[in-house]
Structures are given as structure tokens and as C-alpha cells.
Undergrad: 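I am attaching a structure below and will ask some questions about it afterwards.
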Amino acid sequence: MSTISGTAVPEVHAPERAAIIDPAAIRHNVATIAAYVRPAKVMVAVKADGYGHGAVTAAHAAVDGGADWIGVAHVTEALQLRAAGIEAPMLAWLHTARTDFVEAISQDVDLGISGWEIDEVAAAAEQLQTPAHVHLKVDTGLGRNGCTPERWPELVARAVEFQDRGLMSVVGLFTHLAVADEPDRRETDEQLEVYRWAVETAEEAGLSVSLRHVANTPAALSRPDAHFDMVRVGVGVYGQSPFADRSAEDLGLEPAMELRTTVANVKQVPAGQGISYGLTHRVDRPTSLALIPMGYGDGVPRIAVHAPVRIGERTYQSAGRVAMDQFVVDLEDVDTEVSVGDDVVLFGGDSGISAADWGTAAQTINYEIITRIGSRVPRQVIDSERGRPDDVPTGTAPGTAAGTTPGGTAGGAW
Ligand SMILES: *Cc1c(COP(=O)(O)O)cnc(C)c1O
């Protein structure tokens with residue numbers, strides 16, 4: 001057969017695997033959230049490489065879409081964005097004993113302060129003779145980062161002292177919510193109550209801040225009483241729903257990542273054929289199998305079972321374990337239209353499959369699915385409104401803008 005010699009395998013113009021990133025979707029989602037929370041400002045979280053979308057791509061699109069601030073976990077992430085020319089106000093909130101506060105202040109990166117950092121930040125400011133811009137963080141119940149209410153008055157007093165000495169300017173007071181994705185839970189009310197107390201305590205001690213910020217995406221979309229002066233949104237900006245019972249579409253959000261590849265092989269197998277490592281799955285009838293050239297080395301979770309996969313016009317399910325480089329889809333019939341080179345979409349685009357569906361198949365959430373797509377998968381930035389592929393990885397030609405990759409000409413199953 002011609003497919004064996006390889007002569008019928010289509011010429012490759014597009015990456016073999018790609019996460020197609022659409023800045024237009026990010027702009028739309030930021031604008032949608034901003035319209036909802038106005039007059040509150042919007043900080044867009046682009047930590048963890050923009051939740052897997054590319055931090056610089058995400059930050060540019062966020063600013064174009066109306067973001068007022070950019071948020072990251074680490075100072076190193078903020079410095080990379082500054083080096084890439086992102087000039088928006090920026091906050092970094094998770095520090096270690098090795099964090100370079102001097103560089104952060106020099107590059108005009110605001111710093112979240114939960115406790116011990118305050119002395120380090122003041123020392124860095126003193127060294128530079130430049131006041132640090134800080135946002136004090138109170139732990140109102142999440143039990144993670146943030147100053148406990150018990151020590152809050154002490155932290156506030158220290159901040160007042162450093163502010164009076166010209167070493168810092170306290171511009172924000174913030175906290176992070178634990179259960180905002182379940183809007184009916186009363187713990188959010190309890191956290192907001194502690195937060196209001198923390199703000200009052202800070203004001204009584206002499207701080208007057210312009211940025212009180214609490215809400216993540218779920219709170220921005222479900223708790224107007226948590227909007228305050230600014231919301232800090234991540235997952236919604238990438239077109240993902242933070243709620244288990246509402247889709248992105250329900251929320252008016254557009255997924256900004258489409259994960260695609262092409263069918264690497266198609267073959268007919270007899271009843272009883274075992275599939276992939278561990279032989280955890282055996283087909284109970286003769287069928288055809290499609291080989292999908294992505295695996296956990298690309299961020300496709302090994303644990304995913306019966307995950308949906310779009311091939312051509314139909315949605316199939318994965319069968320057996322995901323391996324490092326590949327997994328198998330049962331085409332449900334011996335006779336199949338599917339052939340080598342056909343387009344495969346794991347989620348996003350017009351597939352009708354969401355990262356949340358993969359989350360369900362892999363016992364996790366959409367956040368983790370998008371964020372963990374690996375570095376072996378090129379990010380191909382294709383703006384659906386501007387129609388111009390930016391940042392196309394070297395060695396690949398543009399050409400997937402219409403969602404097509406060359407293919408479909410290889411022979412049938414063998
Ligand atoms: C990641 C993060 C956010 C954004 O959360 P989403 O649920 O993605 O909107 C907001 N605030 C802090 C402190 C964060 O770490």
C-alpha cells in the first residue's frame with residue numbers, strides 16, 4: 001500500500017502539534033469581564049506562562065482588551081514581561097528568600113506583601129533610594145499566602161512606619177478567595193467580612209489605599225459585592241469557566257487555546273485487541289484505531305480515560321492509557337472515513353470539546369489542562385480578527401488560520 005512506502009503521506013506545512021492561541025478571544029474575554037465589573041479595574045493574571053498560552057502574548061492581548069493591571073506570582077515572571085516590553089502596572093505576590101526585590105523595584109513591579117517580605121522590600125527600597133509600591137495581603141480564610149488576622153495590625157503598623165520613612169507606598173490591600181467557584185458557600189461571606197475588617201484596621205492605622213482587590217474570575221462573575229476597586233482574573237480571560245455547572249459559552253467567554261494535531265496512523269484490529277501500556281482496555285469487537293501523536297510529554301494527562309477527541313466531523317473517545325508521546329482513539333467501526341493526516345482537535349476551536357471536558361476525563365480542572373500543555377507543543381498565535389499569524393515558531397509556515405492543515409490524502413486503514 002502506498003501508505004507503507006510513505007509516498008501518500010501529505011507534505012507538512014503546519015506544525016505536527018500546535019496550541020493555537022487566539023489573542024482576539026483574550027481581548028473579547030477581558031472586555032466582557034471589564035464591562036461586567038465596571039467601574040472596578042481589571043488585573044489579568046498571566047502567571048505560569050499565561051496559563052499555558054504564552055505570558056507575553058496573553059499580556060499584550062489583555063492590555064489591548066482593556067486590562068488595567070497585569071498580575072503574576074513571581075517577580076521573575078514580571079521581569080520577563082518587562083523585558084518583553086510590557087509597560088502596564090504589574091503586581092507579583094509570591095516571594096521567596098531568593099526573590100530579587102531590588103530588580104523588582106527598579107523595574108516598577110508592585111509587590112504583594114504577606115509578612116516577612118516587608119523588611120526585605122524596605123531594605124531594597126533603601127538601597128535604591130526609591131520607594132517600593134506594595135499591596136498588603138491578608139489571609140481571610142484560604143490558609144495559603146497572606147498575613148493572618150492575628151498579625152495583621154502588626155504588619156499594617158510596620159507598613160505605616162516604612163511609608164512614613166519614604167521607603168514604601170502602600171497602594172493596595174488584597175486577599176484571595178477559597179470557594180468562589182461555588183457561589184452558594186457561606187465561607188465567601190465570612191472571608192469578605194474579615195477583609196472589610198482588615199481594610200478598616202489599615203485605614204484606622206493611617207493607610208489610605210486606592211486599590212482594594214479580592215475577586216478572582218468566579219467572584220468577578222458571581223459576587224458583585226467582591227469587586228471593590230479591582231478584580232484579579234485569570235481563567236475567564238482564557239475563555240474557561242471556573243464553575244462546574246456553567247460553560248464558558250454560558251458566560252459569554254471564548255476559549256483562547258485550541259489544541260490540535262493530525263492522525264498519525266489508522267489500523268484495523270480484531271476483537272480482544274489490548275490497547276496501550278498495562279492493557280487496561282481491550283476492544284470487544286473488531287474495530288479501527290487512530291493513533292494520536294500527543295501524550296503526557298505534551299501535557300496530555302496520562303490519567304485521562306474516555307477523553308473526547310474530534311477527528312474530522314465526529315467526536316470519538318480515547319481508549320487505554322495515554323503514553324508519553326501518543327494515545328489511541330477507538331474509531332468504533334472497522335470501516336472508517338478517518339485516515340492518516342486527518343485533523344485532530346483535543347479541545348477548543350470549533351471542536352465542541354472544552355478543556356473542562358478533558359479535566360473531567362482526567363480528574364482535574366480546565367485550569368490544569370491548559371496550564372500544563374508542554375513546551376514540545378508550539379504555541380501558534382493566530383489572531384482571528386486581525387488574521388495575521390504572529391510569533392509563528394521558526395521552521396513552520398503560516399497556513400492554519402482557517403483551521404485547516406494539509407491532510408486527508410493518505411490511503412485508508414490497513
Ligand atoms: C491566579 C490568581 C488569580 C486569578 O484566579 P482565576 O481563578 O484564574 O481568575 C487571582 N488572584 C491570585 C492571588 C491568584 O493567584
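Ligands are counted one by one from 1 in listed order, and the atoms in each one are counted from 1 as well.
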Undergrad: May I ask you to identify, for Arg232, whether its side chain, its backbone, both or neither come under 4.0 Å of ligand 1 on a heavy-atom basis?
TA: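 Looking at Arg232 and ligand 1, atoms from backbone and side chain both fall under 4.0 Å.
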Undergrad: Of all the heavy-atom pairs spanning Pro131 and Gly166, show the shortest one and how long it is.
TA: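 The answer is CB-O, 3.6 Å.
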Undergrad: For residues 82-109, pull every pair meeting salt bridge (Lys or Arg N to Asp or Glu O under 4.0 Å), keeping only residues two or more places apart or in separate chains.
TA: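 Checked against salt bridge (Lys or Arg N to Asp or Glu O under 4.0 Å) - neighbours excluded - no pair reaches residues 82-109.
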Undergrad: Please state whether the rings of Phe174 and Trp93 are parallel, tilted or perpendicular, taking 30° and 60° as the class boundaries.
TA: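 Rings of Phe174 and Trp93: tilted, as their planes differ by 30° to 60°.
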Undergrad: Are a donor atom and an acceptor atom from the side chains of Asp333 and Thr336 found within less than 3.5 Å of each other?
TA: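 Result is no, nothing qualifies.
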Undergrad: Mark up the atoms of ligand 1 that fall under 4.0 Å of a heavy atom belonging to Val233, in ascending order.
TA: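 Numbered from 1, ligand 1 contributes 9 (O).
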Undergrad: Gly234 heavy atoms, cut-off 4.0 Å: which ligand 1 atoms fall inside?
TA: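 Numbered from 1, ligand 1 contributes 4 (C), 6 (P), 8 (O), 9 (O).
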Undergrad: Under 3.5 Å, is there a donor on one side chain and an acceptor on the other for Asn145 and His176?
TA: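 No donor-acceptor contact under 3.5 Å links the two side chains.
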Undergrad: Check each atom of ligand 1 against the heavy atoms of Tyr51 and keep those under 4.0 Å away; list them by number with element.
TA: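 Counting atoms of ligand 1 from 1, those under 4.0 Å from Tyr51 are 1 (C), 4 (C), 5 (O), 6 (P), 8 (O).
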Undergrad: May I ask you to say whether Glu161 pairs ionically with Arg158, meaning some side-chain N is under 4.0 Å from a carboxylate O?
TA: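 The answer is yes: the pair qualifies as a salt bridge.
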Undergrad: Can you pull out the closest protein heavy atom to atom 12 (C) of ligand 1? Residue, atom name and distance to 0.1 Å, please.
TA: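 Answer, as residue, atom name and distance: His176 CE1, 3.4 Å.
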Undergrad: Starting from atom 7 (O) of ligand 1, locate the nearest protein heavy atom and write down its residue, its atom name and how far away it is, to 0.1 Å.
TA: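 For atom 7 (O) of ligand 1, the nearest protein heavy atom comes out as Tyr367 OH, 2.6 Å.
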Undergrad: Taking atom types as modelled, is there a side-chain donor on Ser247 or Asp250 under 3.5 Å from an acceptor on the other?
TA: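 Yes.
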Undergrad: Out of Lys137, His213, Lys47, Arg144, whose heavy atom sits nearest atom 14 (C) of ligand 1?
TA: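 Heavy atom nearest to atom 14 (C) of ligand 1 belongs to Lys47.
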Undergrad: Is Phe174 touching ligand 1 with its side chain, its backbone, both, or neither, if touching means heavy atoms under 4.0 Å apart?
TA: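 No part of Phe174 is near ligand 1 at this cut-off.
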Undergrad: Which residue from Thr217, Asp181, Thr371 reaches closest to atom 9 (O) of ligand 1 through any of its heavy atoms?
TA: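 Result: the heavy atom closest to atom 9 (O) of ligand 1 is in Thr217.
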Undergrad: Any nitrogen or oxygen of Val235, side chain or backbone, less than 3.5 Å from one on ligand 1?
TA: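 Right, the criterion is met.
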